[in-house]
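Let me begin by presenting the structure, written as structure tokens, before commenting on it.
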Amino acid sequence: MAAEGMDRAQEWLADYTRRVGDIQRRAAQTQEQIKNLRARAASPDGSVSVVLAPGGRLEELRLAPRALELGHQRLAATITQTVQAAHAEAAAQTQEALLPLVGESDAMDFLRDQIGAAMDEEEDGHSSAANGTGEERTHGGRARADDDDGESFGGSILR
């Protein structure tokens, strides 16, 4: 009877070791997949395109000749929106890569919540100059009008 118990313990340990090895292999594959992800996005008019590397690092920014016709405020808005679209694509790719590893679980729900919150902050936090209102947020949170040449005179030099 003791030998039978020992055999079961060895089988359980071998099975456990195999499952841990499988998880480690999948984690390494997922890590490599995420490391090689590239998120791409282009503006609807094709004037701006971006490529983001893992971690959201801007790897490439391309401006078509017609981008210069947008004016500085609309161009800034178009770049901002295109980068945000690429961030959303990166988040989707990351979730897709992690799903086989963590499955539909509380951990995946937590990840989705965190990515969603970060995307909401990014959309809420960008300057209103980027959305074409002619104002931008200063470090103090107050809005100031933007002159055509980007210079503002007559106000505080501390922003």
Side-chain angles (χ1 to χ4, degrees), residues 20-159:
V20 168
D22 288 344
I23 291 169
Q24 287 174 329
R25 277 188 294 285
R26 286 191 321 222
Q29 289 170 343
T30 300
Q31 184 177 17
E32 188 66 23
Q33 185 179 358
I34 290 172
K35 190 168 73 172
N36 292 317
L37 289 178
R38 294 296 181 272
R40 291 169 168 74
S43 62
D45 66 357
S47 62
V48 175
S49 63
V50 298
V51 176
L52 299 182
R57 180 178 53 82
L58 182 62
E59 190 171 81
E60 184 178 308
L61 168 65
R62 289 183 182 240
L63 303 175
R66 69 176 163 263
L68 300 177
E69 299 168 7
L70 296 174
H72 70 280
Q73 289 177 339
R74 285 185 49 214
L75 179 57
T78 302
I79 291 170
T80 300
Q81 292 163 354
T82 305
V83 169
Q84 288 174 341
H87 278 156
E89 175 62 24
Q93 288 180 18
T94 301
Q95 288 179 39
E96 187 178 315
L98 288 171
L99 188 58
L101 186 63
V102 299
E104 287 296 340
S105 63
D106 290 341
M108 186 54 101
D109 290 341
F110 177 76
L111 175 66
R112 285 184 183 120
D113 289 345
Q114 295 305 305
I115 290 173
M119 296 305 290
D120 289 345
E121 280 181 25
E122 187 174 279
E123 287 177 12
D124 292 344
H126 75 279
S127 74
S128 56
N131 65 25
T133 65
E135 295 182 342
E136 67 179 330
R137 294 284 165 201
T138 63
H139 291 290
R142 294 183 318 272
R144 70 170 174 83
D146 229 3
D147 291 333
D148 283 42
D149 62 1
E151 296 291 331
S152 176
F153 297 99
S156 172
I157 62 169
L158 302 175
R159 295 199 176 126

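Only a predicted model underlies this, so the values are computations on that prediction, with no experimental measurement involved.
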Between the CG atom in Leu70 and the OG atom in Ser43, the distance rounded to the nearest 0.5 Å is 7.5 Å

Rounded at 0.5 Å granularity, tell me how far CZ in Arg74 sits from CD in Gln81. 10.5 Å

One should read off an interatomic distance between Leu52 CG and Gln93 CD, to the nearest 0.5 angstrom, of 9.5 Å

Nearest 0.5 Å please: distance from the CD atom of Glu69 over to the CG atom of Asp45. 10.0 Å

Taking only residues two or more places apart in sequence or in another chain, which ones pass side chain to side chain contact (heavy atoms under 4.5 Å, CB included) with Thr94? Ile34, Leu37, Leu98

Do other residues, nucleotides or ligands put more than 12 heavy atoms under 6.0 Å from the CD atom of Gln95? yes

Verdict with supporting geometry, Ser47 and Leu63, side-chain contact (heavy atoms from CB on, under 4.5 Å): CA-CA 6 Å; Ser47 62; Leu63 303 175; over 6 Å; no

According to side chain to side chain contact (heavy atoms under 4.5 Å, CB included), who are the partners of Glu60, at least two apart in sequence or on a separate chain? Val51, Arg62

Does the side chain of Val48 reach to within under 4.5 Å of the side chain of Val83, using non-hydrogen atoms? no

Among residues at least two apart in sequence or on other chains, which ones pass side chain to side chain contact (heavy atoms under 4.5 Å, CB included) with Ile23? Arg26

Contacts of type side chain to side chain donor-acceptor pair (under 3.5 Å), residue Asn36, not counting sequence neighbours: Glu32

Please name the pair of heavy atoms, one in His87 and one in Gly56, separated by the smallest distance, quoted to 0.1 Å. NE2-O, 3.7 Å

Any idea which heavy atoms bring Ala86 and Ala39 closest together, and the distance? O-CB, 3.3 Å

Does atom CG (Asp22) have a neighbourhood of more than 12 heavy atoms from anything else shown, all under 6.0 Å? yes

If the condition is side chain to side chain donor-acceptor pair (under 3.5 Å), which residues does Arg40 pass it with, not counting sequence neighbours? none

Considering residues at least two apart in sequence or located in another chain, which fulfil the side chain to side chain contact (heavy atoms under 4.5 Å, CB included) criterion with Ala53? Arg38, Arg57, Glu59

Check whether any side-chain N or O of Thr82 sits under 3.5 Å from a backbone N or O of Ser49 as a donor-acceptor pair, and report yes or no. no

